[in-house]
Structure formats: structure tokens, C-alpha cells
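What follows is a single structure, written as C-alpha cells, with notes after it.
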Amino acid sequence: MALRLYNTLTRSIEPFEPAQAGKVSMYVCGMTPSFHPHLGHARTFLTFDVLLRHLRASGYDVTYVRNVTDIDDRIIDRAAKEGVPWDQVVTRYLDEFEECAKLLGLLEPTFSPRATREMPQIVELIERLQARGVAYETSDGVYFSVEKDPEYGSLSRRNLDELRAGERIAVREEKRDPLDFALWKKAKPGEPTWPSPWGPGRPGWHIECSAMCRRYLGDRFDLHGGAMDLIFPHHENEVAQTETATGLRPMARYWMHAGLLNVDGQKMSKSLGNFVPMKELLQRYPAAAVRYQFLQTGYRKPSNYTTTALEGAAKGLRGLYDELDAVRASAGDGVPHSEGLVAADAFDAFLDDDLNTAGALGWLQTAVREAKAAAISDPASAHANVAVIERCLGILGLPATALAAGWTAPRGVVLDPAHRDTLRALAGDGQLDGAALIDKIIELREEARTKKNFAASDRLRDALTAAGVEVKDKKAGDGGRGVDGP
RNA sequence: GGCGACAUAGCCAAGUGGUAAGGCAGGGGUCUGCAAAACCCCCAUCCCCAGUUCGAAUCUGGGUGUCGCCUCCA
């Protein structure tokens with residue numbers, strides 16, 4: 001089985017064959033840190049994270065570049081609005097992104113270059129374009145002339161006339177064509193600047209990616225990724241710049257685009273009030289549940305985020321871990337088989353099929369159940385089966401255990417004041433709070449149960465349930481009790 | 001106005017020619033002081049219409065609907 005991927009360039013699924021056997025060079029458009037990273041970012045980067053893991057697991061030596069566009073109009077606007085230096089905005093949101101990336105378990109890119117540290121390469125590329133006669137200077141910047149590129153529009157499948165018909169915005173008259181885009185923007189007073197042959201200024205959006213691709217992966221490389229919304233104009237313009245500058249095409253043999261995320265059926269946006277900051281969500285749910293949720297949908301399909309769906313995904317993943325733990329528990333004695341009863345070929349085949357993570361996840365759920373059943377009749381199978389399943393989890397970037405995924409006893413619980421007071425009354429102690437208070441109530445309930453005072457024990461359990469703490473008694477003999485939530 | 005994607009059970013969702021994976025929720029049962037957990041079982045004919053085919057959720061044509069792109073966006 002070999003990897004097949006949907007290529008935006010050809011709008012079809014093709015066998016994936018890197019230029020150099022055994023090696024893959026891939027570039028994914030990263031963050032522009034001008035605001036809080038959101039759930040949509042998570043989906044895109046999670047998609048390419050799984051691709052990266054799958055490629056590596058398939059034996060490829062992958063060079064993965066994920067850039068940071070750390071200078072751009074929105075960053076400047078944001079800084080102006082807040083009255084802080086532009087680089088403070090960058091640092092703040094980039095730190096926030098990196099914190100989230102860590103929680104989500106995103107593998108570190110081989111390189112994560114930043115636009116502001118690539119100025120010589122950017123300037124050099126613009127000079128090349130000028131030398132080739134496809135760029136021109138105006139009083140406010142340097143522009144790329146789209147009509148000089150006969151292939152313009154090939155990635156997004158648009159032609160210039162169509163695009164011009166859609167133009168809505170009054171255009172700066174100095175541009176020769178409304179579709180021409182800035183390679184370099186000459187600075188207005190107060191804006192951050194870098195020196196250039198055209199005077200102090202900053203790069204236009206798009207050119208930084210062309211420059212970084214070339215520097216880290218060369219004039220041509222295997223795969224370029226990003227989210228769907230980047231196809232036009234960002235990637236189209238990147239292609240135009242790079243290919244006219246180098247004369248080599250295609251700059252990337254495969255283009256992959258992750259589907260966009262909607263929230264409650266609508267595009268996520270600040271104005272609609274449905275903007276979901278990644279960090280906030282990761283504080284409420286285990287990151288692994290978020291990952292599981294996204295992997296449950298094909299990466300190219302539009303995905304709709306709802307709380308219900310995420311909670312369902314969280315429970316589904318939790319259930320998988322519980323079953324896996326059961327298999328582990330029976331892996332104790334006996335001579336382990338060298339091979340598992342559960343073969344992972346099917347799992348790999350799903351991923352080879354244009355990264356069908358949803359199918360792979362479905363297979364995994366079934367595999368765990370089978371492994372659990374097998375462990376009962378044949379305990380010796382457990383070892384190998386656990387290994388197979390853990391390998392699969394690893395390729396999907398999911399932790400191996402519920403604990404590692406962040407499901408822990410609620411040590412740091414914060415009780416709602418009303419519930420806290422109820423619990424304190426039941427405990428007969430007005431000082432206790434949080435986990436200690438919950439423990440006290442559970443202890444009292446155990447006593448009541450021992451005395452067969454079920455009315456009292458139920459009252460205590462109901463109070464805990466109301467406070468969001470779920471009590472799960474285990475089968476007598478197992479001892480102990482489980483506590484979940486809130 | 002132009003371009004495109006999507007449309008499978010209450011929800012999330014896989015499945016591109018042979019009679020519908022998986023998860024969540026729901027229902028029934030075993031067990032249990034009760035509840036939970038665990039285990040077993042049940043739960044869709046695939047937006048509509050017309051075609052192609054021995055046979056279609058899967059192909060073709062026509063509708064309808066939702067979302068998106070054409071301006072900033074992962």
C-alpha cells in the first residue's frame with residue numbers, strides 16, 4: 001500500500017512520490033500572530049501533524065517547514081489599536097500559539113523561520129522579479145504584474161477576467177492592474193521598517209513564504225500545505241512569484257489544503273461572536289479530545305464545531321482508553337505472542353488513502369474491542385495487541401493513556417459557591433473546599449453505605465452529582481471508587 | 001454576478017458499483033440496595049427527481065438546500 005493524496009494542483013487523488021526517494025520536503029503556512037490563535041488553526045496544523053507522523057512512520061525522512069509571518073498589516077493595525085510596539089503583539093500571540101501547540105502535541109517543525117529574519121532573501125527575490133520584468137515600482141511599493149505570468153490562476157483555477165469581474169474595491173490607481181499585488185510596501189511614518197533598494201519598508205504578504213520555501217527547501221520541493229482559504233490569493237501569488245523568479249515549475253509537486261472550520265454552522269469570526277480561541281478551549285477539554293474530534297472528520301471536508309460534538313468525541317476517546325487499559329491489565333503473565341491478533345495493516349491503509357483519519361479511528365475502536373475480547377480467551381495476546389494499538393495512537397498523535405491525555409482526578413476543582421455550601425453543610429465542616437471537601441463527602445458516603453444507610457448515601461451522591469462530580473462505584477471486591485469531573 | 005465544496009440515523013461521521021464502519025446519545029437485558037461501571041442485544045437504505053447498469057449512497061443529467069471563495073483569514 002502506498003500513500004495517495006489529493007492534490008489541489010490537479011484536483012485529483014494521486015500517488016505520492018517525492019522527488020528524491022525516501023525524502024520528503026514539506027512547507028506549511030503557519031501563523032500570522034496578530035490575534036489569538038483559534039480552533040481553525042488547530043485543525044489545519046493537526047492535519048499536517050498527522051501527515052508528518054504518517055510519513056515518518058512510513059520511513060520517509062521528512063524536512064518540515066512551518067513558517068511564522070511575523071510582520072504584516074494586521075499586526076501593525078493591532079499594535080496601533082493597543083498602542084504597543086508591533087513586536088510585542090507578535091510575541092504575545094506567538095507564545096500563546098506555542099503553548100497550544102505543545103498541549104496539542106504538534107511535532108516541532110524542522111525549521112520554523114520568521115519573515116523578519118529572512119529579509120535578505122526576500123529582497124533578493126524581489127530584485128530577481130524586477131530583473132525579469134514582472135515587477136514594477138510605484139510611489140508606495142513594488143508590485144507583481146499578474147499579466148506577465150501566463151500561468152497565473154492555475155492553482156486556484158481562475159482566470160484574470162473572472163477575477164477582475166469580481167473586483168469590488170476601488171483600486172489604487174498606481175497599480176497597473178487591480179490584481180497586481182504588493183511585493184514590498186514602502187513604510188508610512190511610524191511603521192516598522194527594514195532597508196531595501198526601494199527604501200525602508202516591509203514585505204508584502206506572500207513574498208515571505210516564497211522566500212522561505214526557497215531558502216529551506218529549494219526552488220522546487222515536494223509538498224506545500226495550508227488551509228483552503230489560502231489557495232487564493234496567497235498560494236496563487238506564491239506560485240506566481242516563485243515560478244516566475246526561478247523559471248521552474250511547479251514549485252511544489254503536491255498542494256494540500258485543509259478544510260475550513262465553522263462554528264455552530266457559521267464561519268468563525270470575531271464579529272459573529274463565535275470566535276473560539278484555541279487556548280480557552282484547551283483549558284476546558286483535554287487536548288487529545290480536540291485532536292480526536294478533528295481526526296474524526298476528513299481533513300478536506302468542512303467541519304462544524306459544536307460543544308456537543310466535542311463532548312461526544314471526548315467520551316469516545318475516553319472509552320477507547322478504558323478498553324485499552326483493560327487489555328493492558330490482562331497482559332500480565334503468560335508467554336507473549338510475538339505478533340498481535342490485531343494487525344495494523346488496515347490502519348495504515350486508511351492513512352495511505354488520502355489521510356482517512358476518520359476511517360482509521362473507526363478501525364482503532366474496533367481493534368481495541370477485539371483486543372479486549374482476545375485478552376480474555378488468550379491473555380498472551382494482550383502484549384502484542386497493546387503494542388499495535390499504541391503505535392496507531394502514536395501515528396495519530398494521540399497519547400497512549402487517558403492519564404497522559406490529561407484525564408486526571410479533579411485535584412484542582414473549583415466548586416461553585418452554592419454547591420460548595422451544600423457540601424459543607426453535609427460534611428458538617430465549614431472550612432473544607434475543593435478536592436478535600438469532595439473527598440470528605442465520599443468518605444461519609446462510604447460509611448453510610450457500609451451501614452446500609454442507603455438514603456443517606458444517595459443524598460450525598462446526589463449532592464456531588466449536582467456539583468458536577470460523578471461517583472462511580474466499582475464492583476464489590478475491587479475496592480475503591482472512581483471520581484470523574486467536573 | 002462568477003467560481004467551488006458539501007448534503008449518510010437525534011448528533012459527529014467512514015464508505016466512489018454489489019445490498020450502509022466507528023463514536024456520542026437513545027432503547028432492551030444481565031449484574032447491582034439504587035445509580036454507575038462492565039458485558040450482551042437493538043437502533044439509517046444514504047436531500048429530491050430522472051437516467052445508465054443485472055445491480056448505485058457510490059456514475060450521468062436536472063433540481064433543492066447549506067457553507068465558502070472572488071477583500072483579510074488556518
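Reminder, nothing fancy here: chain letters follow the sequence lines and each chain counts from 1. These numbers were taken from a predicted model, which means no experiment stands behind them.
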Return the pairing partner of [N] with a 3.5 Å limit on both distances, Watson-Crick or G-U wobble; otherwise return none.
{"N": "B:C67", "result": "B:G4"}
{"N": "B:C34", "result": "none"}
{"N": "B:C24", "result": "B:G10"}
{"N": "B:A50", "result": "B:U60"}
{"N": "B:C72", "result": "none"}
{"N": "B:C43", "result": "none"}

Residue mapping more 5' on RNA chain B - nearest nucleotide basis, A:Leu317 or A:Gly259: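 Taking each residue's closest nucleotide, the earlier one in sequence belongs to A:Leu317.
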When you measure from the side-chain N and O atoms of A:Arg300 to the phosphate of B:C6, is any distance below 4.0 Å, counting only OP1 and OP2?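 For A:Arg300, the contact criterion (side-chain N or O under 4.0 Å from OP1 or OP2 of B:C6) is not met.
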Take atom [atom1] of [X] and atom [atom2] of [N], then tell me their distance rounded to the nearest Å.
{"X": "A:Phe232", "N": "B:A5", "atom1": "CZ", "atom2": "C1'", "result": "18 Å"}
{"X": "A:Phe275", "N": "B:C72", "atom1": "CZ", "atom2": "C1'", "result": "13 Å"}
{"X": "A:Leu160", "N": "B:C70", "atom1": "CG", "atom2": "C1'", "result": "13 Å"}
{"X": "A:Lys267", "N": "B:U66", "atom1": "NZ", "atom2": "P", "result": "18 Å"}
{"X": "A:Asp229", "N": "B:G68", "atom1": "CG", "atom2": "C1'", "result": "10 Å"}
{"X": "A:Arg78", "N": "B:C72", "atom1": "CZ", "atom2": "P", "result": "19 Å"}
{"X": "A:Phe454", "N": "B:G33", "atom1": "CZ", "atom2": "P", "result": "7 Å"}
{"X": "A:Arg445", "N": "B:A35", "atom1": "CZ", "atom2": "P", "result": "13 Å"}

Distance between the [atom1] atoms of [N] and [M], in whole angstroms?
{"N": "B:A7", "M": "B:U60", "atom1": "P", "answer": "14 Å"}
{"N": "B:U16", "M": "B:U52", "atom1": "P", "answer": "25 Å"}
{"N": "B:G4", "M": "B:G10", "atom1": "P", "answer": "33 Å"}
{"N": "B:A20", "M": "B:G26", "atom1": "P", "answer": "27 Å"}
{"N": "B:U32", "M": "B:C24", "atom1": "C1'", "answer": "25 Å"}
{"N": "B:C42", "M": "B:A57", "atom1": "C1'", "answer": "23 Å"}
{"N": "B:A74", "M": "B:U30", "atom1": "C1'", "answer": "50 Å"}
{"N": "B:G15", "M": "B:G63", "atom1": "P", "answer": "28 Å"}

Taking any heavy-atom pair under 4.0 Å as a contact, classify [X]: base, sugar-phosphate, or nothing.
{"X": "A:His257", "answer": "nothing"}
{"X": "A:Leu260", "answer": "base"}
{"X": "A:Leu39", "answer": "nothing"}
{"X": "A:Arg11", "answer": "nothing"}
{"X": "A:Ser156", "answer": "nothing"}
{"X": "A:Asp458", "answer": "base"}
{"X": "A:Gly362", "answer": "base"}
{"X": "A:Arg461", "answer": "base"}
{"X": "A:Glu323", "answer": "sugar-phosphate"}

Return the nearest nucleotide to the side chain of [X]; candidates are [options].
{"X": "A:Met268", "options": "B:G23, B:A74, B:G2", "result": "B:A74"}
{"X": "A:Arg158", "options": "B:C69, B:G33, B:G22", "result": "B:C69"}
{"X": "A:Arg449", "options": "B:G33, B:G22, B:C70", "result": "B:G33"}

Check for me whether the distance between the ring centres of [X] and [Y] falls short of 6.0 Å.
{"X": "A:Tyr254", "Y": "A:His224", "value": "no"}
{"X": "A:Phe275", "Y": "A:Phe35", "value": "yes"}
{"X": "A:Phe181", "Y": "A:Tyr143", "value": "no"}
{"X": "A:His235", "Y": "A:His257", "value": "yes"}

Test: A:Arg300 cationic atom under 6.0 Å from A:Tyr6 six-membered ring centre, within 45° of axis: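 A:Arg300 over A:Tyr6 ring: yes.
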Got a salt bridge between A:Arg328 and A:Glu390, using NZ or NE/NH1/NH2 to carboxylate O under 4.0 Å?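 A salt bridge links A:Arg328 with A:Glu390.
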Looking at A:Glu311, I want to see if its CD is surrounded by more than 12 non-hydrogen atoms of other residues, nucleotides or ligands under 6.0 Å.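 Yes.
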All side chain to side chain donor-acceptor pair (under 3.5 Å) counterparts of A:Arg202, not counting sequence neighbours: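 A:Arg202 satisfies side chain to side chain donor-acceptor pair (under 3.5 Å) with A:Asp73, A:Glu191 once adjacent residues are dropped.
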Which of parallel (below 30°), tilted (30 to 60°) and perpendicular (above 60°) describes A:Phe45 and A:His41?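 Taking A:His41 first and then A:Phe45, their aromatic rings lie parallel (interplane angle under 30°).
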Please round to the nearest 0.5 Å and tell me the distance separating atom CZ of A:Arg92 and atom CD of A:Glu96.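 These two atoms lie 9.0 Å from each other.
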Could you encode protein contacts along nucleotides 9-15 of chain B as a string, one character per nucleotide from 5' to 3', using B for base contact, S for sugar-phosphate-only contact and - for no contact, with a heavy-atom cut-off of under 4.0 Å? ---SSSS
